[in-house]
Number of protein chains: 2
Amino acid sequence: MIAKKDLPVCPVATTVGLIGSKWKLLILQQLLKERKRFNELRRSIDGISQKVLTQNLRAMEADGILVRYAYAEVPPRVEYELSELGNSLRPIISEMDSWGVEYLNTLKDMQEAE
Amino acid sequence: MIAKKDLPVCPVATTVGLIGSKWKLLILQQLLKERKRFNELRRSIDGISQKVLTQNLRAMEADGILVRYAYAEVPPRVEYELSELGNSLRPIISEMDSWGVEYLNTLKDMQEAE
DNA sequence: CAGTATCCCGGATGATACTG
DNA sequence: CAGTATCATCCGGGATACTG
């Protein structure tokens with residue numbers, strides 16, 4: 001018999017399920033740089049709306065990827081910081097960064113060769 | 001003045017724009033293993049519909065990530081293979097795989113500790 | 001400031017049928 | 001087999017207004 005823990009679970013599908021979307025990857029990228037406030041995060045991600053940012057932050061918080069710190073001040077201040085789990089995703093974003101750099105260089109070279 | 005090539009372009013956003021979606025990442029994963037036929041690919045990706053698979057394959061082909069080989073046979077045979085550019089994305093999927101393995105192990109350990 | 005609450009639209013997706 | 005075509009649907013996401 002096959003035990004539950006031996007069920008075929010795809011690691012890549014697991015990862016993709018947690019952070020395999022445009023906005024989560026970009027939020028992750030920003031928070032890997034530093035802990036950030038809500039609007040700071042919003043401004044740093046081109047094209048994201050308040051609603052979508054909130055939705056993704058809630059989901060990532062529920063998945064244990066980041067931690068939300070709300071301060072009872074006036075005006076309110078809320079900061080987001082990656083958890084240990086979130087930080088462990090750094091190599092993925094890092095590879096995406098490296099690949100993007102290479103890709104953009106190739107594009108630039110092609111333009112210069114025109 | 002700022003030249004066009006000096007415009008601030010984010011490498012991670014570039015990468016995310018090309019493959020930052022659930023299905024593209026999973027298609028990429030499958031094709032990194034081997035060249036595959038359409039239905040073979042379809043069966044290997046849980047939950048993907050024919051339409052969505054076609055759409056994503058077309059987009060990835062247009063982006064130069066994969067190559068489509070259509071053979072004029074009866075019945076028709078179409079195979080998909082990663083381009084050199086597509087293959088250069090391997091480290092990203094590789095990191096996602098490693099992370100997923102670790103994550104699943106952690107989950108399993110937590111269950112056993114119950 | 002950092003949200004929540006509504007309304008609403010369009011594109012993404014599923015289902016189905018058809019075809020080279 | 002590997003699609004394309006069409007229709008119906010649904011909900012992701014924008015716009016706006018309001019609030020602790």
Side-chain angles (χ1 to χ4, degrees), chain A residues 13 16-31 33-83 86, chain B residues 10 12-13 16-31 33-83 86:
Chain A
V16 168
L18 284 176
I19 56 156
S21 77
K22 177 181 172 183
W23 297 127
K24 285 184 183 176
L25 287 166
L26 295 178
I27 290 170
L28 189 55
Q29 179 202 14
Q30 292 305 318
L31 293 184
K33 297 180 188 172
E34 56 185 345
R35 171 200 273 235
K36 288 194 176 188
R37 298 182 61 163
F38 184 82
N39 276 337
E40 193 181 357
L41 205 44
R42 179 156 152 58
R43 280 188 298 270
S44 68
I45 301 175
D46 193 54
I48 198 168
S49 70
Q50 187 178 44
K51 183 176 172 180
V52 171
L53 177 55
T54 300
Q55 285 174 347
N56 281 279
L57 287 173
R58 292 290 176 275
M60 294 169 78
E61 187 187 2
D63 287 334
I65 292 173
L66 56 80
V67 183
R68 179 178 186 271
Y69 297 94
Y71 298 92
E73 302 173 358
V74 177
R77 180 165 56 100
V78 177
E79 297 184 352
Y80 293 91
E81 184 175 31
L82 290 184
S83 64
Chain B
C10 173
V12 174
V16 167
L18 284 176
I19 56 157
S21 77
K22 176 183 173 183
W23 298 126
K24 286 185 182 175
L25 288 166
L26 294 177
I27 291 170
L28 189 56
Q29 178 201 13
Q30 292 305 318
L31 293 183
K33 297 180 187 172
E34 56 184 345
R35 173 201 273 236
K36 288 195 176 188
R37 297 182 61 164
F38 184 81
N39 275 338
E40 192 180 358
L41 204 44
R42 180 156 151 56
R43 280 188 300 270
S44 68
I45 301 175
D46 193 56
I48 197 166
S49 71
Q50 187 178 43
K51 184 176 170 179
V52 171
L53 177 56
T54 300
Q55 286 173 345
N56 280 278
L57 287 172
R58 293 288 177 277
M60 292 169 79
E61 187 187 2
D63 288 334
I65 292 173
L66 55 80
V67 183
R68 180 178 185 271
Y69 297 95
Y71 299 92
E73 301 173 357
V74 177
R77 181 164 56 99
V78 178
E79 297 183 354
Y80 293 90
E81 186 176 30
L82 290 185
S83 64

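Chain letters run A, B, ... following the sequence lines, proteins first and then strands; every chain starts at 1. It should be emphasised that the depicted structure is a prediction, and the values quoted were computed from it without experimental measurement.
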### Task
Evaluate the side-chain contact (heavy atoms from CB on, under 4.5 Å) criterion for residues B:Leu57 and B:Phe38: first the C-alpha distance (whole Å), next the side-chain angles of each, then the deciding distance (0.1 Å), finally the verdict.
CA-CA 9 Å; B:Leu57 287 172; B:Phe38 184 81; 3.9 Å; yes

Enumerate all atom pairs, one protein N or O and one N or O from nucleotides 14-18 of chain D, separated by less than 3.5 Å.
from, atom 1, to, atom 2, distance (Å)
D:dG14, OP2, A:Ser49, OG, 2.6
D:dG14, O6, A:Lys51, NZ, 2.2

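- Formation of a donor-acceptor pair under 3.5 Å by the A:Ser21 side chain with backbone atoms of B:Ser21 is not found in this model.
- Between the NZ atom of A:Lys36 and the C1' atom of C:dC1 there is a distance of 17 Å, given to the nearest Å.
- In this structure, CZ of A:Arg42 is placed 13 Å from P of C:dT4, rounded to the nearest angstrom.
- When rounded to the nearest whole Å, the span between CG of A:Asp46 and C1' of D:dG13 equals 16 Å.
- Rounded to the nearest 0.5 Å, atoms OH (A:Tyr71) and CZ (A:Arg37) are 10.0 Å apart.
- Ranking C:dA2, C:dG3, D:dA2 by closeness to the A:Arg37 side chain, first place goes to C:dA2.
- Side-chain contact between B:Ser44 and B:Lys33 is absent, with no heavy-atom pair separated by less than 4.5 Å.
- How far CZ of B:Arg42 is from NZ of B:Lys36: 14.0 Å, rounded to the nearest 0.5 Å.
- Protein atom CD of A:Gln55 is 13 Å distant from nucleotide atom C1' of C:dA5, rounded to whole Å.
- Using a 4.5 Å heavy-atom threshold, the side chains of B:Ile48 and B:Leu26 count as separate.
- Rounded to an integer number of Å, the gap from A:Leu57 CG to C:dA2 P is 11 Å.
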#### Entry: Residues A:Ile19, A:Asp63; criterion side-chain contact (heavy atoms from CB on, under 4.5 Å); working and verdict
CA-CA 10 Å; A:Ile19 56 156; A:Asp63 287 334; over 6 Å; no

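- Contact annotation: B:Arg43 does not reach the phosphate of D:dA2 (side-chain N/O to OP1 or OP2, under 4.0 Å).
- Listed in residue order, the members of residues 64-81 of chain A having a heavy atom less than 4.0 Å from DNA chain C are A:Arg68, A:Pro75, A:Pro76, A:Val78, A:Tyr80.
- We find that CG of B:Asn39 is positioned 6 Å from P of D:dC1, with the value rounded to whole Å.
- We find the CG-NZ distance between A:Leu53 and A:Lys51 to be 13.0 Å, quoted to the nearest 0.5 Å.
- B:Leu28 CG to B:Asn56 CG: the interatomic distance, rounded to the nearest 0.5 Å, is 11.5 Å.
- Interatomic distance, B:Ile45 CD1 to B:Ile27 CD1, rounded to the nearest 0.5 Å: 5.0 Å.
- We find the CZ-CD distance between B:Arg35 and B:Glu40 to be 11.0 Å, quoted to the nearest 0.5 Å.
- In this structure, CZ of A:Arg58 is placed 16 Å from P of D:dG13, rounded to the nearest angstrom.
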### Task
Give DNA chain D the dot-bracket treatment, 5' to 3': Watson-Crick (N1-N3 with N6-O4 or O6-N4) or G-U (N1-O2, O6-N3) under 3.5 Å, [ ] crossing, | other strand.
||||||||||||||||||||

